[in-house]
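Here the structure is laid out as structure tokens; the discussion comes afterwards.
Every chain is numbered from 1 and lettered A, B, ... according to where its sequence line falls, protein lines coming before strand lines. Bear in mind the structure is a predicted one, so any value in this text is a computation, not a measurement.
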Amino acid sequence: MPPIFFKQRMKRTKIAEILRTEPVNTEVVVKGWVKAFRNNQFIALNDGSCAANLQVVLDFENADPALVERIRFGAAIGARGLLVESQGKGQRVELKAAEITVYGDCDPEQFPLQPKKQSLEFLREHAHLRFRTNTFAAVFRVRHALAFAIHKFFNDRGFYYLHTPIITSSDAEGAGEMFRVTTLPLEKIPHTENGDIDFGQDFFKRPTNLTVSGQLEGELGALALGDIYTFGPTFRAENSNTTRHLAEFWMIEPEVAFADLTDNMDLAEAMLQYVCNYALEYCADDLKILEDRLVEEEKAKPQDQRSPMSLTDKLRFVVENQFERLTYTEAIEILKNSNPNKKGQFQYPIEGWGADLQSEHERYLVEKHFQKPVILTNYPAAIKAFYMRLDEPRAGVPGPTVSAMDILFPGIGEIVGGSQREERYAMLVEKMQAMHIPEAELDWYLDTRRFGSCPHAGFGLGFERLVQFVTGMGNIRDVIAFPRYPGSAEF
RNA sequence: GCCUCAUUAGCUCAGUUGGUUAGAGCGGCGGACUGUUAAUCCGUAGGUCCAAGGUUCAAGUCCUUGAUGAGGCGCCA
């Protein structure tokens, strides 16, 4: 059935604007999706512009029964009419419909969603429709706000947004397994005379992959533009099956010239506080929905496993309190003397200095010992990447360390990983040789250290982990529209 | 990749030591009501119990294998 267009063409007004300005006694047009149709009379209409619905009141006694029949949960409709003060409780204004248009019918027998609570797992399998739910609409509005806030934060501080390549020929970044990019025919891969794959016939005439990090290219930009940041998709072909890993995710990587590790920590902390505060300020309604959802979800858990703070309290806490900063060496001391370590409750007991921290250790520090975000610094050089700056030896520190920092958040774990970069050419080359990083492939990177090198620092922020923290969603697959993970690339 | 748990109606779930015809709420459909707030009330239909094999007089229930999902771990952001 073709839609009946409004005789009098009027621009539609977004529900967010109507509820903000409440233009009572004016005629408005709204268009959206039916969230509920009560009593053959009251339509709860949502157009995605905000969490709240607008109540559209139908004069059902004089309405065409064939039209009323089509007003179903999920249908796309338009309504023209006078905005009036609501007679009922629960909303201040409502729209007295003079005309209703059905744009898209929604057959309740076919439509997978229902006007009730549905499991996140079910909705994940219907990811193309889950935007229609209150929870996911809220998540994606918050996700947008956070992305915007990040751009605003950096732009306001004179950073340049640098677009680093998504296809890269460098496989020396050391940040994990990569996805190969090729146009070679997989059913008939060409080989050279000595039996190697003949990449000379490939599109780029060399092996290429999807990027695992824009950092090295970002450094090149920073060493001329001063302060840059990247914000783009990142790909890891790791077989990771957890609630905080994706094969395709978005990462923010600022890089700052003439900056040391402390500057780096200050920047990361200020940014995280800024964007959390932005969400509190601009996403109050959506955060309320997510907070209530979390409360419901936690009712199923035993008392001692429920989070002590509500979602917005948690965000306020991050905004208002300084992060705890301590060195790896200090953290090891705390962990060694901790109750769970003494009682043998850690799956991986703390033996001593030098071992990488497991997530149970990070969780203990963040959730039990400090109960606030923690920045760990100056890790052993042996467990960190080649480009991190070697520290001067310090008293009481058993081995060489680098100017690395990881920011750990409650419930999320590592949300930021960064470092001051090794700007000294000789030191960097020595490190690359020790770690078997092919110098020839990164000659362009080494040029920055040959010509006008300077101290600089940067970090990587996992955007989805940030969205998880702010929305309280437990699974990272629920904060990205169409998650990619091992065995899954649907939609 | 490893470990644990799950899979029963469209959705969320119950189903006792293996025992007759597998249940509920929501949703659907039919009707009533008409200022409702996931409206309410009455009626009604709806099932290859994930798949394949096995044990047994008898399997939704026990065993084996596989698939899918969830959580934890590792890798990391």
- Message: Quick check with a 6.0 Å cut-off and a 45 degree axis cone: is Arg484(A) positioned over the face of Phe482(A)'s six-membered ring?
- Response: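 So Arg484(A) doesn't make the cation-pi contact.
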
- Query: When you measure from the centre of the six-membered ring of Phe409(A), is the NZ or CZ of Arg465(A) under 6.0 Å away and within 45° of the axis?
  - Reply: no

Considering every strand and a 4.0 Å limit on heavy-atom distances, what is the contact class for [X]: base, sugar-phosphate, or nothing?
| X | result |
| --- | --- |
| Ile412(A) | nothing |
| Glu414(A) | sugar-phosphate |
| Gln114(A) | base |
| Lys35(A) | nothing |
| Gln215(A) | nothing |
| Gly460(A) | sugar-phosphate |
| Phe122(A) | sugar-phosphate |
| Glu464(A) | nothing |
| Gln110(A) | nothing |
| Ser240(A) | base |
| Phe459(A) | nothing |

Which nucleotide, in any strand shown, forms a Watson-Crick or G-U wobble pair with [N], with both distances under 3.5 Å?
| N | result |
| --- | --- |
| A32(B) | U40(B) |
| G74(B) | none |
| G23(B) | C13(B) |
| C5(B) | G69(B) |
| U48(B) | none |

- Task: Using a 4.0 Å heavy-atom cut-off, write out nucleotides 65-72 of chain B from 5' to 3' as B (base contacted by protein), S (sugar-phosphate only) or - (no contact).
- Result: ----SSSB

Distance, [atom1] atom - from [M] to [N], rounded to whole angstrom:
| N | M | atom1 | answer |
| --- | --- | --- | --- |
| G1(B) | U20(B) | P | 42 Å |
| U8(B) | C62(B) | P | 15 Å |
| U55(B) | G18(B) | C1' | 12 Å |
| C50(B) | C13(B) | P | 14 Å |
| C2(B) | G47(B) | P | 39 Å |
| U64(B) | G23(B) | P | 30 Å |

- Query: With ring centroids as reference points, do Tyr229(A) and Tyr161(A) lie under 6.0 angstrom apart?
  - Reply: yes

- Item | CA sep, side-chain torsions, deciding dist, call: Arg143(A), Asp286(A), salt bridge (Lys or Arg N to Asp or Glu O under 4.0 Å) | CA-CA 11 Å; Arg143(A) 185 181 163 112; Asp286(A) 288 319; over 6 Å; no

- Message: Is the phosphate of G1(B) approached by Asn239(A) (side-chain N or O, under 4.0 Å from OP1 or OP2)?
- Response: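 It does, given that an N or O in the side chain of Asn239(A) lies less than 4.0 Å from OP1 or OP2 of G1(B).
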
- Task: Verify whether one side chain among Asn209(A) and Thr168(A) offers a donor that lies under 3.5 Å from an acceptor in the other.
- Result: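 No donor-acceptor contact under 3.5 Å links the two side chains.
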
